[in-house]
Amino acid sequence: MAQVSGNLFIVSAPSGAGKSSLIQALLAQHADMQVSVSHTTRAPRPGEQNGVHYHFVKVDDFKARIAAGEFLEWAEVFGNYYGTSRTTLEHTLQQGIDVFLDIDWQGARQIRQQLPDAIGIFILPPSLDVLQQRLQSRGQDSADIIAGRMSKAQDEMSHADEYDYLIVNDDFQQALLELRSIVLCQRNRLIRQQQRQQDLLDQLLAKSAD
Ligand code: 5GP
């Protein structure tokens, strides 16, 4: 079977919309998909592991990586730097593995410019009230940080129209079903199946000998 490049899915949302939980739940159902592990200068939250949730680096280290052209995209979000490693992502896609980028709208724009086939998915909360409740119930951030994130949420959501798909995460299982549907539809697009299923198509269309 021909090796086909993996699909690239960009998933953005305001903090607290449930983006990371949705991606993790989808990956738990599909062992053949991966989420890209970004570099960040922000401090780890309780329970976050270096190399698993993020590659946690110092600001100097991050800036050196920018200068070396290591990032396919990078942005400053909430006063910290975040970036996607170019070589790791390209290597994973070349292996035919579908990859999710959990990044903000600034990074999404940069990816779209370079990889126009990337599929953009934006996750919305059902209301601002619910968003605030979710941020508070995480218990991971101080009141100041939550207030800052709420004010940024509307800025992030104002870019929802730059994406290909919108999912409202009111009921988690429904939102997960919608995310999964988008991913599975993309996998079955004719252009991709013509590459992936070339041998099958050849067999099915072969003229019989007699
Ligand atoms: P958090 O600090 O809550 O993990 O992430 C804050 C925001 O940064 C989220 O919107 C997340 O999607 C975004 N983010 C995480 N990694 C990257 C990245 O590599 N690039 C960009 N542009 N944004 C990122």
Side-chain angles (χ1 to χ4, degrees), residues 1-15 17-42 48-57 62 65-66 68-75 77 80-123 156 159-160 162-167 169 175-197:
M1 200 192 302
Q3 181 59 67
V4 185
S5 168
N7 293 296
L8 182 60
F9 298 97
I10 306 168
V11 188
S12 301
S15 299
K19 169 184 52 166
S20 304
S21 305
L22 282 169
I23 295 173
Q24 289 311 323
L26 185 68
L27 295 192
Q29 296 175 341
H30 293 272
D32 55 350
M33 301 175 185
Q34 288 184 13
V35 62
S36 167
V37 180
S38 297
H39 285 71
T40 185
T41 58
R42 89 151 159 71
E48 284 185 334
Q49 287 173 267
N50 190 29
V52 177
H53 299 91
Y54 282 105
H55 299 289
F56 295 100
V57 295
F62 196 97
R65 289 170 190 270
I66 295 173
E70 275 188 35
F71 295 124
L72 191 58
E73 65 75 33
W74 65 271
V77 188
N80 294 304
Y81 291 109
Y82 295 83
T84 303
S85 159
R86 181 189 303 274
T87 48
T88 310
L89 178 66
E90 286 175 352
H91 181 68
T92 311
L93 289 172
Q94 277 162 13
Q95 289 177 286
I97 298 169
D98 290 348
V99 181
F100 287 85
L101 297 182
D102 174 342
I103 63 177
D104 83 325
W105 68 270
Q106 303 173 85
R109 271 195 184 172
Q110 296 169 51
I111 295 290
R112 246 179 255 117
Q113 280 165 5
Q114 299 169 80
L115 302 170
D117 288 341
I119 300 108
I121 305 168
F122 200 95
I123 315 282
E156 183 79 25
H159 295 278
E162 297 171 21
Y163 291 71
D164 301 301
Y165 294 95
L166 286 183
I167 296 175
N169 183 13
L176 178 58
L177 181 66
E178 291 174 18
L179 177 61
R180 189 161 178 246
S181 305
I182 293 165
V183 169
L184 297 184
C185 282
Q186 184 60 29
R187 285 185 158 191
N188 281 41
R189 283 182 68 87
L190 176 67
I191 184 81
R192 306 198 68 80
Q193 287 290 66
Q194 279 177 324
Q195 298 167 315
R196 199 177 280 122
Q197 304 297 348

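Just the heavy atoms: all of them, side chains too, but no hydrogens, waters or symmetry mates, feed the values below.
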Would a 4.5 Å heavy-atom cut-off, applied to side chains only, mark [X] and [Y] as touching?
{"X": "Arg42", "Y": "Tyr82", "value": "yes"}
{"X": "Asp104", "Y": "His159", "value": "no"}
{"X": "Asp102", "Y": "Val11", "value": "no"}
{"X": "Phe56", "Y": "Glu48", "value": "yes"}
{"X": "Phe122", "Y": "Pro14", "value": "yes"}
{"X": "Leu101", "Y": "Leu89", "value": "yes"}
{"X": "His30", "Y": "Leu184", "value": "yes"}

Backbone N or O of [Y] within a donor-acceptor pair of the [X] side chain at under 3.5 Å?
{"X": "Asn169", "Y": "Ala17", "answer": "yes"}
{"X": "Glu156", "Y": "Trp105", "answer": "yes"}
{"X": "Asp164", "Y": "Gly120", "answer": "yes"}
{"X": "Gln186", "Y": "Asn7", "answer": "no"}

**Item:** Residue pair Leu176, Leu26: steps toward the side-chain contact (heavy atoms from CB on, under 4.5 Å) verdict
**Value:** CA-CA 7 Å; Leu176 178 58; Leu26 185 68; 4.0 Å; yes
**Request:** On the 0 to 90° scale, with breaks at 30° and 60°, tag the Tyr81-Phe62 ring pair as parallel, tilted or perpendicular.
**Result:** parallel
**Asked** Between Phe9 and Phe100, what is the ring plane arrangement, given parallel below 30°, perpendicular above 60°, and tilted in between?
**Response** parallel
**Message:** Please evaluate residues Arg65 and Trp74 with respect to the criterion side-chain contact (heavy atoms from CB on, under 4.5 Å), reporting the C-alpha separation (whole Å), side-chain torsions for both, the decisive distance (0.1 Å), and the verdict.
**Reply:** CA-CA 10 Å; Arg65 289 170 190 270; Trp74 65 271; over 6 Å; no
**Carboxylate-amine/guanidinium contact Asp32 Arg187, below 4.0 Å** = yes
Rounded to the nearest 0.5 Å, what separates atom [atom1] in [X] from atom [atom2] in [Y]?
{"X": "Leu190", "Y": "Gln197", "atom1": "CG", "atom2": "CD", "value": "11.5 Å"}
{"X": "Ile103", "Y": "Thr84", "atom1": "CD1", "atom2": "OG1", "value": "5.0 Å"}
{"X": "Ile10", "Y": "Ser36", "atom1": "CD1", "atom2": "OG", "value": "11.5 Å"}
{"X": "Asp98", "Y": "Thr92", "atom1": "CG", "atom2": "OG1", "value": "11.0 Å"}
{"X": "Ile97", "Y": "Ser5", "atom1": "CD1", "atom2": "OG", "value": "10.5 Å"}

**Asked** Can Met33 and Ile23 be said to form a side-chain contact (heavy atoms from CB on, under 4.5 Å), step by step?
**Response** CA-CA 10 Å; Met33 301 175 185; Ile23 295 173; over 6 Å; no
**Request:** Looking only at non-hydrogen atoms, find the nearest pair between His55 and Val37 and report the distance.
**Result:** CD2-O, 3.4 Å
**Message:** Could you check whether Thr40 and Asn80, counting side-chain N and O atoms only, form a donor-acceptor pair closer than 3.5 Å?
**Reply:**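 No donor-acceptor contact under 3.5 Å links the two side chains.
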